[in-house]
Each structure stands twice: as structure tokens, then as C-alpha cells.
Enquirer: 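One structure is given below, represented as C-alpha cells, and several questions about it will come after.
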Amino acid sequence: MMGAAEILVGLMLVVALLALLARKVTIPYPVLFVLGGLVLGLVPKLPKVRLDPQLVFLFVLPPLLYPAALFTPWRDFRANLRPIGLLAIGLVLFTIVAVAYLAHYFLGLPLAAGFVLGAIISPPDAIAASAIADRLKIPRRIVTILEGESLVNDATALVAYQVAVAAVVTGAFSPAHAAGQFFLVGLGGNAVGLVVGWLAQQFHKRVDDAPIEITVSLLTPYVAYLLADRLGLSGVLAVVTTGFYLGMRMPELLTFKTRLQAGPVWDTLEFLLNGFVFVLIGLELPEVRNTLAGQAIPIHRLVWDALVISIAVILIRILWVFPATYLPRLMFKSIRRRDPFPPWRHVAIVAWTGMRGVVSLAAALAVPLTVQDGSRFPTRSLILFLAFVVILATLVVQGLSLPVLIRRLGIQDDRSMEKEEHQARLTANKEALQRLKEIAEHDPAKADALQRLRVEYEDHIRQLEGAEPWSAGTPLRLFSSEYERLSRAALRVERMSLIKLRNEEVINDEVLRRIQRDIDLAEARLQQHQ
């Protein structure tokens with residue numbers, strides 16, 4: 001009999017293998033994770049994977065939401081605040097209400113339970129969308145809107161989810177009370193996030209120790225979530241607000257050592273958590289189906305209900321996105337002048353990119369088992385089944401068709417980021433060169449070192465001024481070919497010399513690793529600017 005440790009290790013191995021397969025077959029990895037989990041869930045006699053619903057939000061959501069908020073480009077987010085708000089707040093609330101009444105009148109769910117289902121499946125997942133968008137290089141504005149939507153819509157949906165679950169558990173549901181509670185827990189979560197962000201900022205200002213700072217950065221989203229949750233406020237909004245607050249300040253707070261070391265830690269954590277929960281979607285579906293089988297619900301009825309909700313979720317987004325994009329511009333000249341009509345093809349991509357994922361899964365698994373009087377949560381198994389099918393259907397249908405749609409519509413990246421990066425590099429190099437000239441005038445004793453640096457910066461500037469980084473297939477080289485060749489040759493000699501000294505026991509392995517890391521960073525710098 002396998003224990004929890006064996007199951008966890010096995011799942012992590014499955015995640016790694018499926019990720020490798022996804023790269024080979026060029027399928028977005030969230031889609032393959034879900035399908036792989038579904039196949040595993042159908043294998044007989046495999047141990048069942050069960051999670052405590054109360055722990056799903058705490059251990060899964062904070063470390064996934066926090067880095068997304070931390071690395072959000074604030075300038076682009078603010079410039080697209082209106083379309084992001086219409087999607088992340090307007091569309092989410094519209095979806096919740098539409099699904100709730102559809103589930104109530106056509107599927108027979110209690111209205112409060114319908115609101116729980118609507119809140120679970122209302123927020124699209126950014127992980128799957130970003131995995132496809134990054135590979136296909138769609139215009140940056142579309143990516144910004146989709147990623148910005150995913151941050152705010154998670155908070156909107158989960159605040160509504162908490163209100164709806166509380167209504168079912170207590171047996172009292174009032175739309176007016178729910179609306180007031182929605183704004184109260186939301187604003188309170190924002191306040192907690194600002195406080196935690198400020199405290200984290202003060203810590204990073206005063207501490208310069210990479211392992212300790214990385215540890216604190218890992219704990220920060222958990223502190224924000226737990227503090228808000230214990231106060232009865234939105235832990236999700238607290239995490240997102242903390243990430244936004246620190247994201248503006250981290251470039252000045254952290255040293256390059258901390259950044260170099262923290263990046264791989266967060267990347268690995270995000271990859272493992274995302275892989276784990278997407279595989280879990282597939283694993284849980286047969287288990288939920290078996291639970292419903294014991295309730296004598298005909299299979300054809302389950303399939304019909306799931307099909308109705310899945311199609312409704314897709315259509316609701318399409319029906320919202322096009323009017324929300326064009327009507328404000330038709331009604332208000334100021335909006336039209338400031339932000340002209342976007343191409344319909346771009347709007348179509350936003351409308352179709354509605355894959356559900358991690359947040360919906362976490363919310364579904366966290367539905368309580370019982371209500372206030374100790375009885376079972378009404379229609380919990382059906383809610384979970386419908387939510388899992390919607391996640392699976394949108395990931396597979398929309399996830400696999402989105403690349404085809406992008407190619408058919410002829411949408412291409414506007415390469416605006418490459419242009420900005422090119423100009424920023426050129427400006428930074430020119431200012432650095434100017435500073436070196438000023439130092440040379442005031443401190444002639446450093447002439448030799450300054451001359452070497454000036455030659456290198458002048459070489460950078462010549463390469464940048466002669467480059468066209470936004471031309472397809474034209475690589476940007478910040479060093480001359482000869483400089484790169486000689487540098488690599490010298491680095492190879494250094495590395496071989498170190499290994500020889502270690503083999504001759506002149507130095508130990510710790511010394512080897514320390515020096516080798518510096519050599520690796522130098523070679524990475526050359527590789528980055530090829």
C-alpha cells in the first residue's frame with residue numbers, strides 16, 4: 001500500500017514526464033497535464049489522491065498568484081485598466097449570475113449552490129493562456145489584458161465564491177447582503193495587502209542576505225493570505241495587492257545576488273504547483289463521477305448538464321467581450337479618441353481565450369463537505385463534476401484550437417517590447433559611457449581600466465546603433481563576434497584549469513563550485529546577448 005510520500009513523489013515524476021512530452025509534441029503543457037491525469041484516474045487499483053479542501057486555498061493559490069502580481073508590468077496594466085476591469089469584474093459577475101440562474105432553472109440546483117458553481121467557473125486561467133501566447137508571440141496588448149484580467153478576476157470570483165459558500169452553509173442568502181459583504185471583504189483584503197507589502201519592503205531594505213530574503217519572499221504571500229483570512233477578509237486580494245505593491249519596489253530593494261537565486265526557486269515552485277493541480281483535475285474527475293454514480297443520477301443527464309454549462313461559459317464570454325469592446329467607443333467620443341477601435345481579430349482572440357484552470361480547481365476542491373447543521377453540502381458532488389468538466393472542456397477545446405485560430409486570423413506579435421528593450425539598452429550604455437568619460441576627467445590615475453571599459457561600451461553602442469532588433473530573424477549582438485569567440489575560449493581554459501586543480505587536490509570541491517559559478521555567469525552573459 002502506497003503512502004502519502006510515495007504518491008507525492010509519483011505525481012511529481014508524472015509532472016516531469018508529461019512536461020517533457022508536451023515539449024516534444026508542442027501541446028500546451030496544462031492541456032497535457034489534465035489529459036494525463038484523466039488517463040491515470042481511469043487506471044484501476046491506483047491509490048486515490050485526496051486533498052483537505054480547507055488547505056487547497058492556503059498551499060496552492062498564494063504562491064501562484066503572488067509572482068503573477070509581482071511581475072505584472074504596472075505601466076501596461078494601468079494603460080489597459082478599462083478593458084481589464086470590464087473583463088475581470090464585469091464579465092466575472094455577469095458569468096456568475098448567468099450560470100447561477102441557468103443551473104437553478106435548467107439543472108435544478110438551489111440558487112445559492114448555483115452561485116457557488118458560477119463563482120468557481122467564472123475566472124479564466126492565465127497559465128494556459130500565457131503558455132500559448134508566449135509560444136505564438138501575439139501582440140503584447142492582448143497578453144497584458146489577458147494576464148491583467150486573470151489577476152483581478154481571480155480576486156473577484158473568489159470573493160464572490162466566499163460569499164456564496166457562506167450563504168449555502170448558513171442557509172441565508174440575500175443579494176443585498178451578499179453585495180455589501182463582497183465590497184467589505186474586498187476592500188479589507190486590499191488594506192491587509194498594503195500593510196503586508198509595506199512590512200516586507202522594510203525588511204528587504206534592511207537585510208542583504210539572499211537565502212533569508214528568498215525565504216521571506218516565499219512566506220510573504222502566505223502571511224498576507226492567512227492574516228486576511230483570519231480577519232474574515234479576502235486572502236486572495238491581499239496576496240494580489242501585496243504583489244502589486246512590492247512589484248513596483250523590488251528592482252530597487254533586491255541585490256543581483258538575490259534576484260539570480262530567487263528566480264529559479266520561484267520558477268520551480270510555480271512549475272511543480274501548476275503541474276500538480278492540473279494533473280489533479282484529471283485524477284479527480286473519475287472519483288467525482290463514481291460518487292455521483294452512487295446517487296443514481298443517469299449518466300446521460302450528467303453529460304447533458306456538463307455540456308450545457310460548458311457551452312454556456314464559452315458563449316457568455318463571447319457575448320460579453322465584443323459589446324464591451326465596441327459599445328463604450330461608440331457611445332463616448334473621448335474613449336474613441338484615446339483608444340481607437342481595435343481590430344476584430346484581436347477581440348476574437350480575447351473572446352476565445354477563456355480556459356479555466358488552477359483557481360477553478362482550487363475553489364471546487366475547497367467546497368465544504370457539510371453545512372452549519374452538520375448535513376452534507378447540497379449538490380457538492382454535482383458542482384465538482386460540472387466544474388471539472390468545464391475546466392477539462394475549455395482547456396482541451398479552446399486550448400488546442402487557440403493556436404490554430406491565431407494562425408488562421410494572421411495575428412502576429414507587434415514586437416513592441418523588443419523595440420523598447422533596444423532603446424533602453426542603447427540609452428543605458430550611452431549614459432554609462434558618459435559617466436566613464438566624466439570619471440576619466442577627474443581621476444586620470446584610472447586611465448587604463450577606464451579605457452578598457454570605454455572600448456567595451458563603445459562596442460556595445462556600435463552594435464546597438466547598427467542593429468534592427470525588431471526585424472524577424474535578426475539577432476542582436478552586444479559584443480563583436482571576435483570578442484565573443486575569444487571570451488569563450490578564455491572561459492573554457494579557466495574551467496579546465498579549475499578541474500585540473502581539483503583533480504590534483506590543490507583545491508576542494510567547494511572552491512571549485514564557487515569559482516565555476518562566476519565563470520558560468522560570465523558565459524551566460526555572452527549567451528544572453530547573442
Enquirer: Look only at the side chain of Thr241 and the backbone of Ala238, and say whether a donor-acceptor pair between them is shorter than 3.5 Å.
Expert: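 No: the side chain of Thr241 does not pair with the backbone of Ala238.
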Enquirer: What are the two closest heavy atoms between Leu233 and Gly189, and how far apart are they?
Expert: CB-N, 3.9 Å
Enquirer: Just wondering, do Val389 and Phe385 contact through their side chains at under 4.5 Å, heavy atoms?
Expert: yes
Enquirer: Apply side-chain contact (heavy atoms from CB on, under 4.5 Å) to Ile138 and His346, showing your working.
Expert: CA-CA 9 Å; Ile138 61 177; His346 293 190; over 6 Å; no
Enquirer: Has the side chain of Tyr161 got a donor or acceptor atom that lies under 3.5 Å from a matching backbone atom of Val367?
Expert: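 Yes, because the side chain of Tyr161 sits within donor-acceptor range (under 3.5 Å) of the backbone of Val367.
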Enquirer: What distance separates Gln398 CD from Arg356 CZ, expressed to the nearest 0.5 Å?
Expert: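 These two atoms lie 7.0 Å from each other.
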Enquirer: Any idea how Trp266 and Tyr66 line up, ring-wise: parallel (<30°), tilted (30 to 60°), or perpendicular (>60°)?
Expert: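 Aromatic pair Trp266/Tyr66 classed tilted.
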Enquirer: Hey, does the side chain of Asn153 reach the backbone of Glu149 with a donor-acceptor pair shorter than 3.5 angstrom?
Expert: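 Checked: pair present.
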Enquirer: Centroid-to-centroid, Tyr326 to Trp344, below 6.0 Å?
Expert: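 No, they do not, as the ring centres are separated by 6.0 Å or more.
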Enquirer: Taking it one step at a time, do Leu330 and Phe341 satisfy side-chain contact (heavy atoms from CB on, under 4.5 Å)?
Expert: CA-CA 9 Å; Leu330 289 172; Phe341 290 98; 3.7 Å; yes
Enquirer: For Arg259, is the CZ atom crowded, meaning more than 12 foreign heavy atoms sit under 6.0 Å from it?
Expert: yes
Enquirer: Between Arg23 (side chain only) and Ala19 (backbone N and O only), is there a donor and an acceptor less than 3.5 Å apart?
Expert: no
Enquirer: Determine the minimum heavy-atom distance between Ser150 and Pro124, stating which atoms define it.
Expert: CB-O, 4.4 Å
Enquirer: Given side chains that start at C-beta, do those of Tyr222 and Pro63 come closer than 4.5 Å, heavy atoms only?
Expert: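 In short, these two side chains touch, coming nearer than 4.5 Å.
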Enquirer: Give a yes or no answer on whether the side chain of Trp198 reaches the backbone of Tyr245 with a donor-acceptor pair at less than 3.5 Å.
Expert: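 Side chain of Trp198 to backbone of Tyr245, a donor-acceptor pair under 3.5 Å: no, none is there.
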Enquirer: Any idea which heavy atoms bring Leu117 and Ala387 closest together, and the distance?
Expert: CD1-N, 4.2 Å
Enquirer: Do Leu107 and Leu382 have side-chain heavy atoms sitting under 4.5 Å apart?
Expert: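 SC-SC contact between Leu107 and Leu382 ruled out.
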Enquirer: Yes or no on side-chain contact (heavy atoms from CB on, under 4.5 Å) for Thr72 and Glu147, after CA distance, side-chain angles and deciding distance?
Expert: CA-CA 8 Å; Thr72 295; Glu147 292 179 346; over 6 Å; no
Enquirer: Please check if the number of heavy atoms outside Met248 that lie under 6.0 Å from its CE is greater than 12.
Expert: no
Enquirer: Any side-chain heavy-atom pair from Gln261 and Val265 closer than 4.5 angstrom?
Expert: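 The answer is no, as the side chains (C-beta and beyond) never meet within the 4.5 Å cut-off.
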Enquirer: How are the rings of Phe244 and Phe77 set relative to one another: parallel (under 30°), tilted (30 to 60°) or perpendicular (over 60°)?
Expert: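 Tilted, since the angle between the ring planes falls between 30° and 60°.
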Enquirer: Treating Arg329 as the side-chain partner and Ile335 as the backbone partner, does any N or O pair qualify as donor plus acceptor under 3.5 Å?
Expert: no
Enquirer: Output the distance between atom CG (Leu109) and atom CD1 (Ile383), rounded to the nearest 0.5 Å.
Expert: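 The distance works out to 5.5 Å.
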Enquirer: A side-chain contact here means heavy atoms from C-beta on lying under 4.5 Å apart; do Leu146 and Val350 qualify?
Expert: yes
Enquirer: Of all heavy-atom pairs between Val168 and Ala113, which one has the smallest distance, and what is that distance?
Expert: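 Here Val168 and Ala113 meet closest at CG2-N, 3.8 Å.
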Enquirer: If we only count heavy atoms from C-beta on, is the Leu409 to Ile349 side-chain gap below 4.5 Å?
Expert: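 Yes, their side chains come closer than 4.5 Å.
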Enquirer: Where do Asp339 and Arg82 come nearest, in terms of heavy atoms and distance?
Expert: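 So the minimum-distance heavy-atom pair works out to OD2-NH2, 3.2 Å.
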Enquirer: Can you tell me if His104 uses its side chain to pair, donor with acceptor, with the backbone of Pro110 under 3.5 Å?
Expert: no
Enquirer: Please check: side-chain N/O of Thr156 versus main-chain N/O of Ala88, any donor-acceptor pairing under 3.5 Å?
Expert: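 Checked: pair present.
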Enquirer: So, does Thr242 use its side chain to make a donor-acceptor pair with the main chain of Gly193 at under 3.5 Å?
Expert: yes
Enquirer: What I'd like to find out is whether the side chain of Thr325 reaches to under 4.5 Å of the side chain of Pro342, using heavy atoms alone.
Expert: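 Touching, per the 4.5 Å side-chain cut-off.
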Enquirer: What is the distance from atom CG of Leu70 to atom OG1 of Thr220, rounded to the nearest 0.5 Å?
Expert: 9.5 Å
Enquirer: Using the rule side chain to side chain contact (heavy atoms under 4.5 Å, CB included), only one of Leu93, Leu91, Val92 pairs with Thr95; which is it?
Expert: Leu91
Enquirer: Is there side-chain contact between Trp352 and Ile406, with at least one heavy-atom pair below 4.5 Å?
Expert: no
Enquirer: How about CZ on Phe106, more than 12 heavy atoms from neighbouring residues, nucleotides or ligands closer than 6.0 Å, or not?
Expert: no
Enquirer: Locate the shortest heavy-atom distance separating Leu32 from Leu18; write the atom from each residue and the value.
Expert: CD2-O, 3.4 Å
Enquirer: Quick one: CG on Leu269 to CG on Leu64, what's the gap to the nearest 0.5 Å?
Expert: 7.5 Å
Enquirer: How many angstroms lie between CD1 in Ile120 and CD1 in Ile96, if you round to the nearest 0.5 Å?
Expert: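 Between Ile120 CD1 and Ile96 CD1, I get 10.5 Å after rounding to 0.5 Å.
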Enquirer: Take Val279 and Leu11 through the side-chain contact (heavy atoms from CB on, under 4.5 Å) test and state the conclusion after the steps.
Expert: CA-CA 8 Å; Val279 169; Leu11 284 176; 4.1 Å; yes
Enquirer: Between CG of Leu402 and CG of Leu395, what distance do you get to the nearest 0.5 Å?
Expert: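 So the gap between those two atoms works out to 11.5 Å.
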